[in-house]
Visitor: 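Let me begin by handing over the structure; questions about it come next.
Convention: sequence-line order gives letters A, B, ...; per-chain numbering from 1.
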There are 2 protein chains.
Amino acid sequence: MFIYICKILLDNMGVSERKAKEKEELKSLILKAAQKLFLEKGIEQTSIRKIANEIEYSPGTVYFYYKDKNDILYDIHSQGFRKLSHELKVLFNVSDPMERIIALGRVYLNFAIENPDLYDLMFNMKAPMDFLNSIHQQDWNEGIGTFDVLKTTINQCMEKGYFKGHELEALSFSVWSLVHGIASLNISQRIRGVNLKEPEMMVMKSYEEFIMLLYKGKKIY
Amino acid sequence: MFIYICKILLDNMGVSERKAKEKEELKSLILKAAQKLFLEKGIEQTSIRKIANEIEYSPGTVYFYYKDKNDILYDIHSQGFRKLSHELKVLFNVSDPMERIIALGRVYLNFAIENPDLYDLMFNMKAPMDFLNSIHQQDWNEGIGTFDVLKTTINQCMEKGYFKGHELEALSFSVWSLVHGIASLNISQRIRGVNLKEPEMMVMKSYEEFIMLLYKGKKIY
DNA sequence: ATTTGTAAATGAACAATGTTCATTTACATT
DNA sequence: AATGTAAATGAACATTGTTCATTTACAAAT
């Protein structure tokens, strides 16, 4: 009797586990299709119908796995953060915090240039934040994590005597704003229109200018 | 006979002038309705049908005065730049260029905070740039004009001995990027989610940090 | 006064969107 | 073989931007 019940339970577990796994698999299939369309054809070509078409399911099925379109976009956004944080992790090797913060900015800018649509989704579009609001989740953990990397590094700079008289959080936000501003103006095509001498160089050149400013705030022995 | 022809011509002029005026008037009526909807209800509530409804015309009529939706959005965007440049003009009174540049940033940030949707349209949304592309106009004159105000001021700072070793255009773009970054992260709700101590203060506090950095690049006598 | 020509306004129509939901299908459990 | 539930369907709804054949309005010409 006992064994019989165990068998049932185990069978049940086995089945429901498999089902859950299948469900996860289909969900990630939807996500992959969404990412493919998003990266290949851009945001406006990424409709629920086209995603469903891509994996040969009906539009309604998508809503069995995702609450709504914002839910899907949030998922793509999260994947983007995994990708970005993976690229940033390499910089743990750089021991000097001042060198590291400069490298961080460079990697960040490269990420934005290489993945403009994804960057836009991660840092500009309303969809991911609307999704968080809709599930009553106030914290944007992806953003918090990335911002912490920056804050930690700047804190280490301060401990080494840099940025005297500055406030950690506000300065960190300043640095983030600078690189985000460069990235955004580039992506939204506001650089191209402004009649610069070397538009394609401006992203990195303006970042160099900022680094110069940063270094002027260094410790004086 | 001559007088008769003149009469006709004069009459014609009078009529076509009046017609042209009426046409201008209806176009600006459409624009006003679009602005109203845009500012009151946001971008997603600003559809051509709702604009047409607002002024009690049919949807098709709108297309007689505007090429497409991007055309309307570009017009709203241009009005935004007139508003912004009007606010910036007050600062011609500030004689010290270093003080002026700091004030410029403050006014710019205030504008962004007070008119978030409009700012988004002016500096982030693709619509205005898509419109320029569609009419084969490469230069973004509204942006060029505003950027020139900044460049001129920074140039004056340099003439006074500030920012030694910096490059005018790149540094100007750096400053623009910083305030734009702060404004954008604020508008796209990326500040709120990042768990700051005083989120509502961060816009101005991080700007103060940047000003501190700027001042460290000042002339040393 | 009547016809004519053109500019302006209409609103139906099209294709596409996000989303919902009653219905059907598939399939493990009884 | 019957049952119950999870999963998948696809039609339907309300919107969107945009087009276009048709109608309306009205000044000009006869």
Visitor: Can you list the residues that meet the side-chain hydrogen bond (donor to acceptor under 3.5 Å, both in side chains) rule with S134(A), with sequence neighbours excluded?
Guide: K67(A)
Visitor: Have a look at Y66(B) and say if it touches a base, only the backbone sugar-phosphate, or nothing, with a 4.0 Å heavy-atom cut-off.
Guide: nothing
Visitor: Do Y119(A) and H180(A) have ring centroids that are under 6.0 Å from one another?
Guide: yes
Visitor: What residues in residues 26-53 of chain A put a non-hydrogen atom under 4.0 Å from any atom of DNA chain D?
Guide: L26(A), R49(A)
Visitor: Using the rule side-chain contact (heavy atoms from CB on, under 4.5 Å), only one of D117(A), L73(A), L37(A) pairs with I43(A); which is it?
Guide: L73(A)
Visitor: If every non-hydrogen atom of N155(A) is compared with every non-hydrogen atom of L168(A), which pair is closest and at what distance?
Guide: N-CD1, 3.6 Å
Visitor: Could you state the atom-to-atom distance from CD1 of I72(A) to C1' of dT19(C) in whole Å?
Guide: 12 Å
Visitor: Could you state the NZ-P distance from K69(A) to dT20(C), rounded to the nearest angstrom?
Guide: 14 Å
Visitor: Strictly under 6.0 Å, is that where the ring centroids of F81(A) and F123(A) end up?
Guide: yes
Visitor: If you check the D68(B) side chain, which of dG10(D), dT18(D), dT19(C) turns out closest?
Guide: dT18(D)
Visitor: Should the ring pair Y74(A) and F131(A) be called parallel, tilted or perpendicular, given that the plane angle runs from 0 to 90° and is split at 30 and 60?
Guide: tilted
Visitor: Where along residues 122-137 of chain B does a heavy atom come under 4.0 Å from DNA chain D, residue by residue in number order?
Guide: none
Visitor: Pair S174(A), S177(A) - check side-chain hydrogen bond (donor to acceptor under 3.5 Å, both in side chains), show working.
Guide: CA-CA 5 Å; S174(A) 230; S177(A) 294; 6.0 Å; no
Visitor: Got L171(B) and E167(B) here, is their nearest side-chain heavy-atom distance under 4.5 Å?
Guide: no
Visitor: Would you say Y63(A) reaches dA8(D)'s phosphate, i.e. side-chain N/O to OP1/OP2 under 4.0 Å?
Guide: no
Visitor: Separation of N70(A) atom CG from dT19(C) atom C1', in whole Å?
Guide: 12 Å
Visitor: OP1, OP2 of dA7(D) versus side-chain N and O of Y57(A): anything below 4.0 Å?
Guide: no
Visitor: dA26(C) C1' sits how many Å from F64(A) CZ, rounded?
Guide: 13 Å
Visitor: Look at the side-chain N and O atoms of T61(B) and state whether any lies under 4.0 Å from the OP1 or OP2 oxygen of dT10(C).
Guide: yes
Visitor: Does a side-chain N or O from S58(A) land closer than 4.0 Å to OP1 or OP2 of dT9(D), or not?
Guide: yes
Visitor: What I want to find out is whether R106(B) reaches E208(B) closely enough, with some N-O distance under 4.0 Å, to be called a salt bridge.
Guide: yes
